[in-house]
Amino acid sequence: MDNLINNCYQILGLSPGASKEEIKEAFKKIRDELSTKEDEWERLKEINWAYEVLVDSVAAATGKDNVPEDDKAKRKRYKDNGESDVITLKDFLFSVGDKINPFLFAGRALVFLITIIWGFKYITHSVASNYAGESFLHNVSLPFHEAGHIILSPLGDFMCVLGGSLFQILIPAICMGAFLKQNDVFGASIALWWIGQNFVDCAPYINDARAQELMLLGGVTGQDVPGIHDWNNILGTLGLLKLDHFIANTSHWFGILLMLAAFLWGGLLLWLQWKNIDS
């Protein structure tokens with residue numbers, strides 16, 4: 001236990017036996033310094049943990065609750081919600097540095113503008129138009145789609161077939177998680193847009209489950225080669241072929257909602273960063 005407490009003192013840069021006030025002051029100082037850096041999420045969690053351990057240790061040693069009532073209430077509320085008592089979910093998802101590099105901001109703004117323009121095209125085209133299937137990003141997702149078939153093949157024929165479309169969604173979701181882990185929330189918002197785009201991309205394929213008229217990889221249609229059409233197999237196995245248009249439109253509009261959410265998230269982040277541009 002003593003080693004644990006001493007380690008917590010070292011994390012906060014304090015000597016063993018520091019008072020509650022010294023612990024709180026050191027914690028706030030380090031937290032304020034780290035809050036300006038976008039890649040210090042793990043370090044923030046570490047100092048937060050050390051602070052809690054030391055505060056509880058001081059309280060136990062003195063027989064008093066050294067945590068102010070308002071802080072204690074906040075800690076309980078955040079813990080009940082599964083959140084940190086210092087960094088809330090809202091703070092995490094909308095965190096920006098105090099000083100934003102203007103060149104980085106310009107790059108992010110350009111990426112955001114591209115996704116807005118591109119997303120508008122997806123939104124204004126119907127499932128039947130197959131705009132998503134003929135777009136450049138369809139070719140980007142195609143290798144992930146085909147890899148999904150191979151990777152999930154050990155799980156049986158159904159999962160092998162489903163793995164194609166599943167991996168189209170999973171890969172950008174993994175990217176979003178990686179961005180969040182690095183505390184790059186703007187990058188995460190772009191990844192969310194990509195997730196939505198892939199739901200839209202899958203929609204024409206689902207919509208074609210009964211007709212099997214779309215040209216597939218290899219230059220053939222589902223009518224030419226029975227059993228080659230993923231969504232004819234998936235919905236046929238599930239007994240849902242008659243719902244192909246409904247499922248396709250659901251995927252299409254859900255994807256659009258995700259893209260709109262990404263626009264709102266990314267736009268708000270850019271607005272917050274614009275206010276903090278380092279001049």
Shared hydrophobic cluster, I174 / L137 (ILVMFWY, side-chain heavy atoms < 4.5 Å): yes

Path from F112 to W274 over hydrophobic side-chain contacts below 4.5 Å: yes

Heavy-atom check, side chain of F27 versus side chain of N48, under 4.5 Å: yes

Hydrophobic cluster membership, W194 vs I117, 4.5 Å side-chain cutoff: no

Student check: side-chain heavy atoms of L269 and V185 closer than 4.5 Å: yes

Heavy atoms of other groups near W49 CH2, more than 12 under 6.0 Å: yes

W271 reachable from V111 in the ILVMFWY side-chain graph, under 4.5 Å edges: yes

Could you list the donor-acceptor pairs under 3.5 angstrom formed between side-chain atoms of residues 253-262 and any protein atom two or more places apart in sequence or on another chain?
none

Side chain to side chain donor-acceptor pair (under 3.5 Å) pairs, two or more places apart, involving residues 149-176: H145-H149, H145-Q168, H149-D230, S165-W231, Q168-N198, Q168-D201

Modelled atom types, side-chain donor and acceptor of S135 and Y122, under 3.5 Å: yes

Closest non-hydrogen atom pair between H245 and N207, with its separation: ND1-OD1, 2.7 Å

Side chain S251, main chain I247, donor-acceptor under 3.5 Å: no

W193 side chain reached by W265 side chain, heavy atoms, under 4.5 Å: no

Flag, side chain of N233 to backbone of G227, donor-acceptor distance under 3.5 Å: yes

Side-chain heavy-atom pair L235, L243 within 4.5 angstrom cut-off: no

Closest non-hydrogen atom pair between D244 and R210, with its separation: OD1-NH2, 2.7 Å

Close side-chain approach of T221 to L214, heavy-atom, < 4.5 Å: no

Beyond-backbone contact of T124 with Y131, side-chain heavy atoms, under 4.5 angstrom: no

Ring pair (Phe, Tyr, Trp, His ring centres under 6.0 Å) contacts touching residues 156-191 (sequence neighbours left out): none

pair H229-Q223: side-chain heavy atoms closer than 4.5 Å: no

Co-membership, hydrophobic cluster, residues L110 and F105, 4.5 Å side-chain: yes

Polar side-chain atom of D184 near backbone of G187 as donor-acceptor pair, under 3.5 Å: yes

Nearest heavy atoms of L270 and R108, plus distance in Å: CD2-CB, 3.8 Å

Side-chain donor or acceptor of N130 paired with backbone N/O of P204 under 3.5 Å: no

Side-chain heavy atoms of L264 within contact of L268, under 4.5 Å: no

